[in-house]
Amino acid sequence: MTTRSCPCGLPEAYEKCCGRLHAGAAAPSAEALMRSRYSAFVKRDEAYLLRTWHPRTRPARVDFDPGMRWTGLEILETSGGSAFHTTGTVTFRASFRGGALHERSRFERVDGAWVYVDGDFLE
């Protein structure tokens, strides 16, 4: 068992953090889902990404850039997205070798589970 911290940036080991969600546990918040989706991009877990994408906006497949190397995630702001909400937003900066992606993502609950709807790229 590896003891490296999770790709999402939290100090917990991957297996106890995002790995639990990738294995089927429900994300307790929009932020937790956002972190787990970032980790899924790092690990190229297409099945998890598609499973946690809103049916209304889900693509047929995820095209991973073979040259992309994700290097870190920074959560900048959250709004809603807790156990008491049905929607939420998470603004984040995901760094990769050579740049960063800055996005405000929208999340909704579908049948009680958080899913990614869409996002706006920010400067």
Side-chain angles (χ1 to χ4, degrees):
M1 184 165 145
T2 181
T3 57
R4 290 183 5 162
S5 61
C6 192
C8 81
L10 295 177
E12 199 90 56
Y14 166 76
E15 293 80 6
K16 292 185 191 285
C17 193
C18 292
R20 291 175 38 258
L21 304 183
H22 295 172
S29 67
E31 180 181 336
L33 183 68
M34 168 59 230
R35 287 181 177 279
S36 71
R37 286 177 56 83
Y38 170 82
S39 291
F41 272 102
V42 170
K43 297 193 170 281
R44 300 175 194 255
D45 185 345
E46 180 182 38
Y48 181 77
L49 290 167
L50 293 175
R51 189 170 75 242
T52 58
W53 213 307
H54 197 292
R56 186 175 72 236
T57 57
R58 181 187 305 132
R61 50 188 280 247
V62 178
D63 291 319
F64 295 104
D65 178 345
M68 178 69 77
R69 295 293 174 262
W70 295 103
T71 58
L73 176 66
E74 182 184 5
I75 302 296
L76 303 172
E77 182 182 359
T78 62
S79 174
S82 79
F84 304 105
H85 299 101
T86 56
T87 64
T89 62
V90 179
T91 304
F92 67 92
R93 184 175 294 109
S95 301
F96 55 88
R97 194 180 306 145
L101 170 73
H102 188 191
E103 181 179 311
R104 180 176 301 112
S105 294
R106 282 179 284 282
F107 298 88
E108 289 179 13
R109 282 188 193 264
V110 172
D111 297 329
W114 285 108
V115 292
Y116 169 78
V117 178
D118 61 14
D120 296 319
F121 294 113
L122 307 172
E123 287 302 317

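What's counted below: heavy atoms across the whole structure, side chains too, no hydrogens, waters or symmetry copies. Quick caveat, the model's predicted, so the values are computed rather than measured.
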pair [X]-[Y]: side-chain heavy atoms closer than 4.5 Å:
| X | Y | value |
| --- | --- | --- |
| Leu122 | Thr91 | yes |
| His54 | Glu108 | yes |
| Cys17 | Cys8 | yes |
| Arg93 | Leu101 | no |
| Ser29 | Ser82 | no |
| Leu76 | His102 | yes |
| Glu15 | Arg20 | no |
| Glu74 | Phe92 | no |

Within this structure, what is the [atom1]-[atom2] distance for the pair [X] and [Y], rounded to the nearest 0.5 Å?
| X | Y | atom1 | atom2 | value |
| --- | --- | --- | --- | --- |
| Ser39 | Asp45 | OG | CG | 10.0 Å |
| Met68 | Arg44 | CE | CZ | 8.5 Å |
| Glu31 | Ser36 | CD | OG | 11.0 Å |

Can you hop from [X] to [Y] via hydrophobic side chains spaced under 4.5 Å?
| X | Y | answer |
| --- | --- | --- |
| Phe41 | Ile75 | yes |
| Tyr48 | Val117 | no |
| Leu73 | Leu49 | yes |
| Met34 | Phe121 | yes |

Testing Thr89, Thr87, Asp120 one by one against Arg106 for a side chain to side chain donor-acceptor pair (under 3.5 Å), which residue passes?
Asp120
Are Arg97 and Trp70 in a cation-pi setup, meaning NZ or CZ lies under 6.0 angstrom from the ring centre and within 45 degrees of the ring axis?
no
Quick one: is the NZ or CZ of Lys43 closer than 6.0 Å to the six-membered ring centre of Tyr38, and within 45° of its axis?
no
Taking everything shown except Arg104 itself, do over 12 heavy atoms lie less than 6.0 Å from its CZ?
no
Shortest non-hydrogen contact from Arg51 toward Leu21:
NH2-O, 3.7 Å
Non-hydrogen atoms of Ser5 and Pro11 that approach each other most closely:
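Shortest heavy-atom contact: CB-O, 3.7 Å.
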Ring centers of Tyr14, His22 separated by less than 6.0 Å:
yes
Tell me whether the centres of the aromatic rings in Trp114 and Phe107 are closer together than 6.0 Å.
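No, the ring centres sit 6.0 Å or more apart.
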Keeping [X] on the side-chain end and [Y] on the backbone end, is there a donor-acceptor pair under 3.5 Å?
| X | Y | value |
| --- | --- | --- |
| Thr57 | Asp118 | no |
| Arg37 | Tyr116 | no |
| Glu46 | Val62 | yes |

